[in-house]
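Data block below; observations after.
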Amino acid sequence: MKKYRILWYIMTAAYGLWMIDFMQWDTYTMANTLLEKEMYPSKLIYFIWVIISVGIFFIYPEFIQRIYYAKKLTKTLKILNIVSLVLGCAYITVYGFLKNPLEYTASMMGLYYPWLFKLWCVFSGISVFTNIMYMYRRYDYHSTAGVVCASIGCAALFVTVNVPSAGEELVMTLQCLSHWSTALIFAFLCAASIVIFLVHKCREKDKRFIALTVFFVAVLALMLVLLVAVGKNGLIENLPMWAAYAVLFLVNFTSVFQHKKNTV
């Protein structure tokens, strides 16, 4: 547990210093209209967000301690993780349809709804992370690589929401590259932490997990094909998130993948 706390404390310190030193009175630009808008109406609101987001960073190692290292999975933990999963999936879905998802991605909507986009970051990160930890614990699976991938991925998401996309026309700017790269880090590292577990179960020759792994990897591959063929939009962007939620629900909370030793 100590190594994970150190990792999160280092990321928390780096994030806090970055927000205080570099991000204070930043603005974002909508590339298609060149309209500049203030991210925060006052310095007080900015620092309130800094305090809240830093506080959220401190919660993540507690998730590891209380779920991944739980002595026993209880009904309370099960209920909390089901609620987390359902709320996270519901939020990103509703948020994704605030504007036409065929035209707007989550980050593009964040230009219009910056605080709802911040909540998207909080809900999606926590719901995915806690349920990955629950999945590992439910099957008595320990993977340093899996926990580290999920941790770095969820931390990177806070850079994504604090540095909004500048749009495709300004793709080579530091703002846009920072936004897109950290969004991809979140997506690929959290997906990796799920795949690491699924591959482990496939080695046990469990046909159910083999089928689930094929499904999840196929969705990720489909997303990449669609990005190249169609271009990015909200529906394509949400495909891996919906797939991740489906996998986590099936593995954690259904009898199809029941693990008798730790099932509650």
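Quantities reported herein were computed from a predicted structural model and do not represent experimental measurements. Residue numbers start at 1 and run along the sequence shown.
- In terms of modelled atom types and a separation under 3.5 Å, the side chain of Tyr134 and the main chain of Phe129 share no donor-acceptor contact.
- The cationic atom of Lys99 (NZ for Lys, CZ for Arg) lies less than 6.0 Å from the six-membered ring centre of Tyr112 and within 45° of the ring axis.
- Leu189 contributes atom CG, which lies 11.5 Å from atom OG1 of Thr182 (distance to the nearest 0.5 angstrom).
- The aromatic rings of Tyr95 and Trp120 sit tilted, their planes meeting at an angle between 30° and 60°.
- In summary, Arg5 and Glu62 engage in a salt bridge, as defined by a charged side-chain N under 4.0 Å from a carboxylate O.
- Using a 3.5 Å distance cut-off with no hydrogens or angles, the side chains of Thr160 and Trp180 do not pair a donor with an acceptor.
- Leu73 CG to Tyr139 OH: the interatomic distance, rounded to the nearest 0.5 Å, is 10.5 Å.
- Residues Thr144 and Lys3 bring a donor and an acceptor atom of their side chains to less than 3.5 Å of each other.
- A donor-acceptor pair under 3.5 Å is formed between the side chain of Asn162 and the backbone N or O of Phe158.
- In this structure, CG in Asn100 is found 10.0 Å from CE in Met108, a value given to the nearest 0.5 Å.
- If you run ring pair (Phe, Tyr, Trp, His ring centres under 6.0 Å) between His142 and each of Tyr68, Tyr136, Phe197, only Tyr68 comes through.
- Atoms CG and CD1, from Asn81 and Ile67 in turn, are 4.5 Å apart once rounded to the nearest 0.5 Å.
- Two different hydrophobic clusters hold Phe57 and Ile10 under the rule that ILVMFWY side chains link at heavy-atom gaps under 4.5 Å.
- There is a path of hydrophobic side-chain contacts, each under 4.5 Å, that joins Leu248 to Leu250.
- Remark: the Ser127 side chain and the Ser84 side chain contain no N/O donor-acceptor pair separated by less than 3.5 Å.
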